[in-house]
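The block underneath contains the structure these notes are about, expressed in structure tokens.
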Number of protein chains: 2
Amino acid sequence: MNVINTSVRRKELTRLAAQLFVQEGFDRTTVRMLAQEMGIKSGSLFHHFKDKQEILAAVIEEGMQNALTIARQSIEHCSSDPEARLRAMARAHLETLFTDRNAHVVALFEWRRLDPVASAHLSHLRDAYEALWVQVIDDALEAQLIRGDRFLVSRFILGALNWTVRWYDPSGPRTPDDLADELVAMIMAH
Amino acid sequence: MNVINTSVRRKELTRLAAQLFVQEGFDRTTVRMLAQEMGIKSGSLFHHFKDKQEILAAVIEEGMQNALTIARQSIEHCSSDPEARLRAMARAHLETLFTDRNAHVVALFEWRRLDPVASAHLSHLRDAYEALWVQVIDDALEAQLIRGDRFLVSRFILGALNWTVRWYDPSGPRTPDDLADELVAMIMAH
DNA sequence: GTCTATAATCGGATAGAC
DNA sequence: GTCTATCCGATTATAGAC
């Protein structure tokens, strides 16, 4: 019935793949490395996934799905206050990047490696997630919490958040929530 | 005498390599592609560079050198005013990313692909560039132009700027300078 | 400095037995 | 569902002639 294979086994394998993709990058991760991490031989891997591309697509779908779910849950809890919603979105973004870990990072940094068909198939998820952001940003702009062009502001905020992957050390003194709060504080026109 | 080969021929080849590295990514750029772009056969390439790694190091050194030079020139022109200096740094950053193009982008996005020796050898350039930023940010903080932790603020600003590579279209209506100005406006506590 | 030719290795992917 | 064995194209890099 389902076009998409969602068995728990495949989920587990996808999780392991995400880990390697973040560590090494998609291009440098070989099917042999993936298989070893999964405790099987490289030939067996192709019983679960058609090819390497399909693994990437699975990871990225998982990452965007996660990001969407967590973000939606987070802003539900504070539906009225624009400032709380903005902070919640930033926190949710960093939560899926660092707490849940890996899949969302792959979605952000390896999207270009998707073949055109997979990219087209998954773009609605990315669009839905960005729409969530633009909505929250619009509310914040209307409440005069922040200033600027809705499009640019969301790009800048997401850029600042995404780039944390390159420098932030979760084992350091600051929590992801600290980062999110500090970013929001920085741009607020209080 | 010189440890580093700085012939104009090598500079030209480095420029072409940078272009391909941005388009395809370092891992997916083959020496055959590089050679073809340079109008020679792949075997001849190794007369100019010891190996593929050395090409990457050359590109990244060029990119950081460019960024440093342009940034220093830009803030010299406005040595007194903290706001002008901040704006100048942001403009310079986007100028080396989009106007000069390629080499600085490679430095930012492919740094991880450097082998440890090359990375250690080039890190002083990256550190010098970041120090320039922290200095400008410190001045802006002291003048109460912006608020926050000096370390985090510079990371967030650089993240927002770096991520533009992923979405900004230079052939669109906005100039890189527009972007820089809008980012500065967004974070200013006027 | 560039060429041709090729070595040596590694990559994704398949076939067929169990 | 996993294994072994293997195909075969692609990749980095070298050797030696011109």
Side-chain angles (χ1 to χ4, degrees), chain A residues 1-61 106 110-119, chain B residues 2 4-60 106 110 112-119:
Chain A
M1 280 297 151
N2 259 328
V3 199
I4 296 169
N5 185 341
T6 52
S7 74
V8 5
R9 175 84 169 122
R10 190 181 159 107
K11 261 260 169 87
E12 170 68 3
L13 298 179
T14 302
R15 229 204 66 236
L16 292 167
Q19 197 184 330
L20 271 176
F21 288 166
V22 169
Q23 263 173 40
E24 308 286 332
F26 174 69
D27 290 326
R28 282 159 109 101
T29 303
T30 68
V31 296
R32 285 172 175 81
M33 292 163 70
L34 288 163
Q36 182 165 36
E37 196 75 10
M38 297 166 180
I40 55 180
K41 300 293 179 182
S42 67
S44 311
L45 206 158
F46 294 92
H47 177 77
H48 301 280
F49 301 93
K50 180 175 132 281
D51 53 21
K52 201 184 164 192
Q53 262 294 317
E54 196 180 275
I55 307 181
L56 178 62
V59 171
I60 290 187
E61 176 168 15
V106 176
E110 307 282 5
W111 188 281
R112 301 197 314 162
R113 299 310 172 202
L114 285 172
D115 66 41
V117 177
S119 176
Chain B
N2 259 329
I4 298 167
N5 186 342
T6 53
S7 74
V8 5
R9 175 84 171 123
R10 191 181 157 104
K11 262 259 169 85
E12 169 69 1
L13 298 179
T14 302
R15 229 203 66 235
L16 291 167
Q19 197 186 329
L20 271 176
F21 288 165
V22 170
Q23 264 173 41
E24 308 287 332
F26 173 70
D27 291 326
R28 282 159 107 100
T29 303
T30 68
V31 297
R32 286 175 176 80
M33 292 163 71
L34 288 164
Q36 183 165 36
E37 195 75 9
M38 296 166 180
I40 56 180
K41 299 295 179 181
S42 68
S44 310
L45 204 159
F46 294 93
H47 178 77
H48 301 280
F49 301 92
K50 180 175 132 280
D51 55 20
K52 200 185 163 191
Q53 262 294 318
E54 196 179 275
I55 308 182
L56 178 63
V59 169
I60 290 185
V106 175
E110 306 283 4
R112 301 196 315 162
R113 299 309 169 202
L114 285 172
D115 66 42
V117 178
S119 176

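A note on names: the letters A, B, ... follow the listed sequences, proteins ahead of strands, and every chain is numbered from 1.
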Segment of DNA chain C, first to last nucleotide, that comes within the 4.0 Å heavy-atom reach of chain B: C:dG1 to C:dT4
Could you check how far CG of B:L45 sits from C1' of D:dA13, rounded to whole Å? 11 Å
Looking at A:Q36, I'd like to know if its CD atom is crowded, meaning that more than 12 non-hydrogen atoms belonging to other residues, nucleotides or ligands lie closer than 6.0 Å. no
Rounded to whole Å, CZ of A:F46 lies from C1' of D:dC7 at a distance of 13 Å
Between B:G43 and A:K52, whichever has its closest DNA chain C nucleotide further toward 5' is B:G43
Just do the salt bridge (Lys or Arg N to Asp or Glu O under 4.0 Å) check on A:R9 and A:E12 with the steps written out, would you? CA-CA 5 Å; A:R9 175 84 169 122; A:E12 170 68 3; over 6 Å; no
Measure from CZ on B:R32 to C1' on D:dA13 and round the result to the nearest Å. 10 Å
Shortest non-hydrogen contact between B:F21 and B:L56, atoms and distance: CE1-CA, 4.0 Å
Using a 4.0 Å heavy-atom cut-off across all strands, classify A:K41 as base, sugar-phosphate, or nothing. base
Measure across B:E37 and B:Q19 and return the closest heavy-atom pair with its distance rounded to 0.1 Å. OE2-NE2, 4.1 Å
Working for side-chain contact (heavy atoms from CB on, under 4.5 Å), residues B:L16 and B:L34: CA-CA 8 Å; B:L16 291 167; B:L34 288 164; over 6 Å; no
Within this structure, what is the NE2-to-P distance between B:H47 and D:dT12, rounded to whole angstrom? 20 Å
Would you indicate whether the side-chain heavy atoms of A:D27 and B:F26 approach each other to under 4.5 Å? no
Tell me: CZ of B:F49 to P of D:dT14, nearest whole Å? 15 Å
